[in-house]
Amino acid sequence: MSELIVKNGFVYDPLNRIDGEKMDICIRDGKIVKTVRDSAKVVDASGMVVMPGGVDIHSHIAGGEVDTGRMLRPEDHVKDVEVKTAVTRSGVGFSIPSTFTTGYRYSKMGYTTVMNPSTPPLQARHTHEELIDTPMIDKGTYPLLGDWWISLEHIRDGLLEENAAHIAWMLKAARGYAIKIVNPGGLEAWGFGRNVHSLDDVVPNFGITPREIIRGLCKVNTMLNLPHTIHVHTNNLGQPGNYVTALETMKCVEDLAREDRPVLHITHIQFCAFKGEDWARLKSGAEDIANYVNNHSHVTIDVGQVVFSDTTTMTADGPFQFGLYHITGNKWINHDVETETSGGIVPFQYKRSSSVHATQWSIALEIMLLVKDPWKVFMTTDHPNAGPFFYYPKIMTWYISRRAREDMLKKINKRARKKSLLPTIDRELSLYELAIVTRAGQAKALGLKDKGHLGVGADADIAIYNINPERADPAKKFVSARKAFDRAAYTIKDGEIVVKDGEIVKQVFGKTYWVDVECAYNHCRTTRAQADAELKKKFKDYWTVEYENYPIREGFLHSSAPIAVKADI
Amino acid sequence: MGAAKFLNYSTHRTKTPLIRKNGELVEATIDEAIEKAAQILVDAHYPVLYGWSNTSCEAQRVGVELAEEVGGVLDNTSTVCHGPSILGVQAAGLSSATLGQMRHRADLIIYWASNPWDAHPRHPERYTMFSDGRFQKSSWTKYLSKLRGEMSKKKIQRASNLVLQKDFCFAPCQEEGLPHSMYTNKRRTIVVDVRKTRSADAADCFLQVEPGKDYELLQALRVLVRDGELDVDEVAGIPVELLEDLTDVMVECKLGILFFGLGLTMSKGKHRNIDAAINLTRDLNNRTKFLIMPMRGHYNVTGADIVSTWQTGYPFAVDLSNGYPRYNPGETSAVDIFCRDEADATLVVASDPVAHFPRAASKNIAKHPLISIDPEVTPTTMLADVILPPAFVGIEAEGTAYRMDHVPLPLKKVVEPPEGFLSDQEILRRILQKVRELKKEREMN
């Protein structure tokens, strides 16, 4: 029995409404408990901030796309290397770090749970192999299901219950955590080099619209009682004027909300909050988006904060990446996946001197600050799309300190500065609110009950930062706050100290979460046996992989953490 | 075809671990062989760990860890195969897809400097010419009628020769431009190669490129795709008029795919050829949708690249001697290291470099301690100082392998290995363990 007590820290635990109270946290066998014996190991956190371990709802850290990005960019790695130590493996950064380095860097910032947001189900095995090799954190991945032929056909034929049953099968086969939808309909059209441009465009060869796909899968998500909502990357991403598409996407599932619970998560919303007819007239759509989110409770968002850095963009949105390749002329990877999805990669540099990039930077901050309820909006960079994740501490200082924002605002493109709403926003997030947007809110949105809080029974994933809110206001001393967030004084993972003073002291391998949905096939027109037979038949026609070889077998994940869910069908 | 892999797979295998003593290979226990291998690696200053493409990803993962632990160089067979393709991709990217995408949608298929009929026989059958997809039907009927035509032509010829008592032959077909079948909306296949292969026989159209002139031809096509003009009559032995027709077909297809083989990567120009081919598809993507894919060889060479990349950031030729990964093909690639005689020990897993590397490299491999983990008897194992025969992955051991289009597949275990035989993964794991023990012992002394 291993016991640990974290003493005298200023605890920020929003899910339990604890706001900077000085208290002790007791840990036994990886869980938080009420009391421990006197013999428990003591971690002295006096004069420090204690928060639940960080949770990242959307960060591309593993899988085919990420790995092809790594392969594509030796120039990205050569400037940032990690030497092997007695405890850690060697590796490389920068925007697409090797798996071990990814785990270490997250852990050093006090993060303990990271969700990898896109996996072609056909290549899920690859994603999981990499996640297994990503140490220090718990993880999960969302299979891309918005352009899956079987979904499209079921939605076209009005067979939502059947589709739910198939998606339950797929979530298990791919060991997935949530339904990911990327540019619904657009990726199927991209198979022949086309795209869809609005929620009501017809998807070629299938005769349905993106609106029907989103609504269909949203209903399916509810039928299956999945812990997270549908996770949507909208149509028209990265196009001027697309804030309308984002608003329409949110509106289109308004009537599907149940008891004030969210039914939709729009991810990296900064990329679809562009106002203006073209790039030259680009303006911020942040106010419209924030207004909508403030007045509705069926949606959560994450921002996709741009940081000025060299990075590598990678999404399943093939046509968007093709557009980006045209804008930059950079090297370009495209990877279409049969019957399921597509993908693309383009290296990209966000420049302070560019009015578009600077406006993007401003939009993401505006959204974060204008959305009043922090439980609805989360910090991400859509790593590595808007910037690598190790810039989080810098972003946190922009949230908590007006001065930090102003410092950057002075340095950006003049035109963008003039258009920016930031000078009119005084809001500074408190540490309590910061804990919501970086962990508690994300854990809640993901439906991870043991994460994101420090109540009794929670996983003992804890971050301790060397910030003393009694002695200095972090909004004023934002540089030292940034350094503290950068190198956690302690990171505790499952009750073990894994980081001390910003260095890894122990290598651990976290769990992989996935949802194991039990379907009874109620309300379905077919029985389970019929559905299986139908799927088997379709396999021969749709994929180039056998039905038997497709699902990930039992025992493949080194530390599997299935979440059992009972579906309504 | 798979049957040949399974039947008699075990007939010519090495039956026990062997260690070289006084110039002779003598039988040893697995523990002795592992200890000896670990000793060699710990003693070495700059060992090379080579091979990897014919084993599972699970073994490759341990391999990277071992290379890091002993401060060696990790390289796989890409280095003498599609290494230039990787360099080409690192320069220009790659517009690709999984193979099912070609089956469902491709209406134009180009095999460039590759001969799938002989080298990847399942490829045309499952993914291209003879496979049926959702939006594109198979062209096997077209091929059969072509075959029938050829056969009846031969029959008539033979009969006429008998009757007329003299050599009669059909005049060679004087087709102007591309054959008619290239203008249908059915699935069409083009083969570009330096010689007429059996794949070319099955294709709608064959273009014979002069050896060493692929680069010129690719760049000429780029000019034409970009609506430029060529003021020569022919490029690489092919009339420009024909190239213009070809360009039209490429631009007007719904989805085209260019598969390229070693004829492009390992001939004059190397990665420059690939660069040109990729840029051709980039240009074509401004007009239509066009994909490109290397025809990889060993069954898990893609996996070797992938595993190396996620652990070290680089796909092959990774130097871990400084404690962190460093990549500079030409300097850190196995052949170059051996030619310069810098490696002082070699571990070969599931590969036969002695038979395939340049003579100078092979000579230097043999000069220093050599460990081979291979079930078969090969020139490399014959020169080895330690031989560790493993179980066959995919027959006697399970694991994961990647198809050439990066789709991971499970490898199954169908029979038990002979008693005492460990998988590659297990052997490597035990060598790694031993290496760590030895290093600790030496530190203590």
Side-chain angles (χ1 to χ4, degrees), chain A residues 62 64 66-68 70-78 81-84 89-93 96-101 120 122-126 129-130 133 149 190-194 205 322 325-326 330-339 342 345-346 541-545 549 552-553 556, chain B residues 57-58 61 64-65 68-69 71 86 89-105 126-127 131-135 254-255 278 282 285-286 288-291 305-307 309-315 320 322-327 400 402-403 405-410 412:
Chain A
V66 178
D67 204 45
T68 310
R70 289 187 193 107
M71 194 272 287
L72 179 73
R73 298 204 66 195
E75 77 278 11
D76 182 77
H77 313 318
V78 73
V81 296
E82 289 276 353
V83 180
K84 169 182 158 42
R89 298 278 304 271
S90 70
V92 294
I96 5 167
S98 55
T99 54
F100 291 97
T101 304
L122 181 62
Q123 291 172 295
R125 196 182 300 266
H126 182 176
E129 280 194 292
E130 289 195 17
D133 268 353
W149 282 359
W190 180 241
F192 284 120
R194 283 175 298 205
N205 300 314
F322 180 68
Y325 145 61
H326 263 249
N330 257 338
K331 44 191 182 183
W332 163 58
I333 295 266
N334 178 72
H335 186 72
D336 298 343
V337 179
E338 62 208 54
T339 82
S342 78
I345 305 166
V346 178
D541 295 336
Y542 286 14
W543 283 276
T544 52
V545 169
N549 290 336
I552 289 171
R553 63 175 190 277
F556 186 81
Chain B
C57 294
E58 284 76 2
R61 269 152 82 173
V64 185
E65 201 172 348
E68 190 184 275
E69 191 63 48
I86 292 169
V89 172
Q90 286 169 344
L94 191 80
S95 166
S96 196
T98 62
L99 289 162
Q101 196 76 352
M102 333 299 176
R103 194 185 90 187
H104 288 303
R105 299 177 200 259
R126 287 192 177 158
Y127 313 121
S131 66
D132 252 335
R134 183 175 190 137
F135 305 115
K254 277 190 286 185
L255 179 102
I278 292 171
R282 272 163 71 110
N285 269 296
N286 297 336
T288 177
K289 177 122 183 181
F290 224 93
L291 308 171
D305 291 345
I306 286 175
V307 172
T309 306
W310 89 55
Q311 293 210 357
T312 72
Y314 307 113
L320 291 150
N322 296 327
Y324 62 86
R326 205 170 68 84
Y327 168 75
T400 308
Y402 284 76
R403 217 162 62 179
D405 57 349
H406 292 211
V407 171
L409 293 166
K412 291 174 200 152

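Proteins get letters first, then strands, A, B, ... in listed order; numbering begins at 1 in each. Please read all numbers here as calculations on a predicted model, not as lab measurements.
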Checklist outcome for this item: Interface check, chain A: of B:L291, B:V64, B:N286, most non-hydrogen pairs under 4.5 Å belong to B:N286
Checklist outcome for this item: Turns out that what part of A:E129 lies under 4.5 Å from chain B's heavy atoms comes down to both
Item to check | Region of B:T312 in contact with chain A, defined by heavy-atom distances below 4.5 Å | outcome: backbone
Next on the checklist: Heavy-atom pairs under 4.5 Å with chain A: which of B:S131, B:G93, B:G133, B:P315 has the most?
Outcome noted: B:G93
Next on the checklist: Less than 4.5 Å to any heavy atom of chain B: does that hold for the side chain of A:D76, its backbone, both, or neither?
Outcome noted: neither
Next on the checklist: To the nearest 0.5 Å, what is the distance between CG on B:L94 and CG on A:N334?
Outcome noted: 9.0 Å
Checklist entry - Can you tell me how far the NE2 atom of B:H104 sits from the OG1 atom of A:T339, to the nearest 0.5 Å? => result 6.0 Å
Checklist entry - Would you say the side-chain atoms of B:D405 and A:H335 include a donor-acceptor pair closer than 3.5 Å? => result no
Next on the checklist: Taking side chain as everything from C-beta outward and backbone as N, CA, C, O, which of these in B:L320 sits under 4.5 Å from a heavy atom of chain A? Side chain, backbone, both or neither.
Outcome noted: side chain
Item to check | Residue among B:E65, B:R126, B:H406 with most heavy-atom pairs under 4.5 Å to chain A | outcome: B:E65
Checklist entry - What part of A:R194 lies closer than 4.5 angstrom to a heavy atom of chain B: side chain, backbone, both or neither? => result neither
Item to check | Ion pair check, B:E68 and A:R89, cut-off under 4.0 Å | outcome: yes
Checklist outcome for this item: If one checks every heavy atom of A:W332 against chain B at 4.5 Å, the contacting part turns out to be both
Item to check | Donor-acceptor contact present, side-chain A:R73 to main-chain B:G313, <3.5 Å | outcome: no
Checklist entry - So which part of B:F135 gets closer than 4.5 Å to some heavy atom of chain A, the side chain, the backbone, both or neither? => result side chain
Checklist entry - Does the distance from a Lys or Arg side-chain N to an Asp or Glu carboxylate O, for B:R105 and A:E338, drop under 4.0 Å? => result no
Checklist outcome for this item: Here the pair of heavy atoms bringing B:Q311 nearest to A:D133 is NE2-OD2, 2.7 Å
Checklist entry - Can you tell me how far the CD atom of B:Q101 sits from the CZ atom of A:F192, to the nearest 0.5 Å? => result 8.0 Å
Next on the checklist: Using 0.5 Å steps for rounding, measure from the CZ atom of B:R61 to the CD atom of A:E130.
Outcome noted: 9.5 Å
Item to check | Any donor-acceptor N/O pair, B:K289 side chain to A:W190 backbone, under 3.5 Å | outcome: yes
Checklist entry - Taking atom CH2 of B:W310 and atom CE of A:M71, what is their separation to the nearest 0.5 Å? => result 14.5 Å
Checklist entry - Hey, which of B:R403, B:K412, B:M102, B:K254 has the most heavy atom pairs under 4.5 Å with chain A? => result B:R403
Checklist outcome for this item: Greatest number of non-hydrogen atom pairs under 4.5 angstrom with chain A, of B:L409, B:I306, B:V307, falls to B:I306
Checklist entry - Any side-chain heavy atom of A:E75 sitting closer than 4.5 Å to one from B:Q90? => result no
Checklist outcome for this item: Turns out that what part of B:N285 lies under 4.5 Å from chain A's heavy atoms comes down to both
Checklist outcome for this item: Turns out that what part of B:R282 lies under 4.5 Å from chain A's heavy atoms comes down to both
